[in-house]
Amino acid sequence: MITSGSGYRDVADTIRQAIHEGVYPRGSLLPNEDQLAEELHVNRATVNKALRILKGEGLVYVHMGVGTYVHKLPPLLRDAAVRHSRAHRERGGVRGSLASELAQFGYELNSANTVGPGHPPPDVADVLGVDADTDSVIIRARRMKAEDVPIQIAISYIPRSIADGTPIAELDPGVGGISSRLAELGYTQVELEENISIRPPTPDEARFLRMIPDQWVYEIFHIGWTASDQAVKVTTYVMPTYQWNLRYRYPVDPS
């Protein structure tokens, strides 16, 4: 219960709960700070501090000149246990795992893509066993949105010795995306490795993802390995931490 002596963290808890309960629906404009202060029986400065917490969490954002909105999208689930199966990434004729995941929630993926030869970063070149100083890979760079909300930046690198002359080097790789095309070419990925770090976004990432200085991103360095222990694809994902929940399931050696 909010009282005149409540602190800004209590006010943040109350507004957060109201959002989760649908009092302030996703995508809606919150009452202004004066109105919230009156409704919650606190002063405006307390409301302002509470909203700063919720902005940092990605639960609300400011539209300059209009007001504070509830973020349109709830946190999305990236389930590594199922997302890389062929059935999942081709379900409904979509172009990969993310499109399939979003379709489950009733969202449509919009992606601005560029595809072409390029120099891989040194760490990518080392994993793929290619030359970092030449156009040794096909680079597929994607900036992705759902409901016009930016949710992810993904850049994939595939050796040109595999990708040249195939749909992998084209703008639309077809149903199931590049992992399905790799499988058809005899490079089925049987083991996946993901190294995850958390960091502040770069200025370019922050602009696209509409992030503020208090917010951080996951950076996922994803490698696909074949049965012969050949790395055939590296993808780096940059994702706002507030927008994504990550889930992994894997076998454990009982011995």
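The residues of the chain are indexed from 1 along the displayed sequence.
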For the backbone of [Y] and the side chain of [X], can you confirm whether one donor and one acceptor N or O come within less than 3.5 Å of each other?
X: Q17; Y: T14; result: no
X: R26; Y: H71; result: yes
X: W244; Y: V217; result: no
X: T68; Y: L30; result: no
X: E38; Y: Q35; result: no
X: H119; Y: A132; result: no
X: Q189; Y: I223; result: no
X: R247; Y: L77; result: no
X: Q152; Y: P240; result: no
X: R16; Y: L54; result: no

Quick check: do [X] and [Y] have side-chain heavy atoms less than 4.5 Å from each other?
X: P120; Y: V130; answer: yes
X: L76; Y: Y107; answer: yes
X: V137; Y: V124; answer: no
X: V149; Y: Y61; answer: no
X: D123; Y: F221; answer: yes
X: D148; Y: N110; answer: no

Mind checking the [atom1]-[atom2] spacing from [X] to [Y]? Nearest 0.5 Å is all I need.
X: I153; Y: M239; atom1: CD1; atom2: CE; result: 11.5 Å
X: F208; Y: K145; atom1: CZ; atom2: NZ; result: 5.5 Å
X: T241; Y: Y218; atom1: OG1; atom2: OH; result: 6.0 Å
X: Y187; Y: R181; atom1: OH; atom2: CZ; result: 15.5 Å
X: E108; Y: E147; atom1: CD; atom2: CD; result: 8.5 Å
X: I168; Y: I138; atom1: CD1; atom2: CD1; result: 9.0 Å

Inset, instruction - Decide side chain to side chain contact (heavy atoms under 4.5 Å, CB included) for I19 and V60; before the verdict, give the C-alpha distance in whole Å, the side-chain angles of both, and the deciding distance to 0.1 Å. - result: CA-CA 10 Å; I19 291 170; V60 304; 3.9 Å; yes

Legend entry - Member of R140, R142, K233 meeting the side chain to side chain donor-acceptor pair (under 3.5 Å) criterion with S156: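 Testing S156 for a side chain to side chain donor-acceptor pair (under 3.5 Å) against R140, R142, K233 leaves exactly one candidate, R142.
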
Inset, instruction - Evaluate the criterion side chain to side chain contact (heavy atoms under 4.5 Å, CB included) for residue pair H222 and L192; output intermediate values, then yes/no. - result: CA-CA 7 Å; H222 170 99; L192 302 173; 3.8 Å; yes

Taking all heavy atoms of [X] and all of [Y], pick out the closest pair and write down the distance.
X: I162; Y: T166; value: O-CG2, 3.6 Å
X: Y237; Y: A154; value: CD2-CB, 3.7 Å
X: A12; Y: I53; value: CB-CD1, 4.2 Å
X: G7; Y: T46; value: C-CG2, 3.9 Å
X: A231; Y: W225; value: N-CE3, 3.5 Å
X: N245; Y: P75; value: ND2-CB, 3.7 Å

Inset, instruction - Any chance you could lay out the side chain to side chain contact (heavy atoms under 4.5 Å, CB included) test for L51 and I15, step after step, and finish with the verdict? - result: CA-CA 9 Å; L51 291 177; I15 298 173; 4.2 Å; yes

Inset, instruction - For the pair R199 and E205, find out whether any cationic side-chain nitrogen is under 4.0 Å from an anionic carboxylate oxygen. - result: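 Counted as a salt bridge, because a side-chain N and a carboxylate O are separated by less than 4.0 Å.
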
Inset, instruction - Please determine if E194 and R78 form a salt bridge, counting it only when a charged side-chain N lies under 4.0 Å from a carboxylate O. - result: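 Looking at R78 together with E194, the answer is yes, because their closest N to O distance falls below 4.0 Å.
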
Is [Y] reachable from [X] through a run of hydrophobic residues whose side-chain heavy atoms are each under 4.5 Å from the next?
X: M211; Y: V70; result: no
X: M144; Y: L246; result: yes
X: L40; Y: L59; result: yes
X: I158; Y: L128; result: no
X: I220; Y: I139; result: no

Inset, instruction - Under the side chain to side chain contact (heavy atoms under 4.5 Å, CB included) rule, what do K55 and D214 come out as? Steps first, then yes or no, please. - result: CA-CA 8 Å; K55 290 171 194 172; D214 291 340; over 6 Å; no

Inset, instruction - Please determine, by modelled atom types, if N195 and E193 share a side-chain donor-acceptor pair under 3.5 angstrom. - result: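 Judged by distance alone, the side chains do pair up.
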
Inset, instruction - Report the C-alpha distance between N113 and S111 in whole Å, list the side-chain angles of each, state the deciding distance to 0.1 Å, and finish with yes or no for side chain to side chain donor-acceptor pair (under 3.5 Å). - result: CA-CA 6 Å; N113 303 340; S111 182; 2.4 Å; yes

Legend entry - Parallel, tilted or perpendicular: rings of Y69 and H63 (30°, 60°):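 Correct class here is tilted.
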
Legend entry - Within 6.0 angstrom of E39 CD, more than 12 heavy atoms from elsewhere: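 For E39, atom CD is crowded (more than 12 foreign heavy atoms under 6.0 Å).
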
Legend entry - Heavy atoms of other groups near K49 NZ, more than 12 under 6.0 Å: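 No, because the 6.0 Å sphere around NZ of K49 holds 12 heavy atoms or fewer from other groups.
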
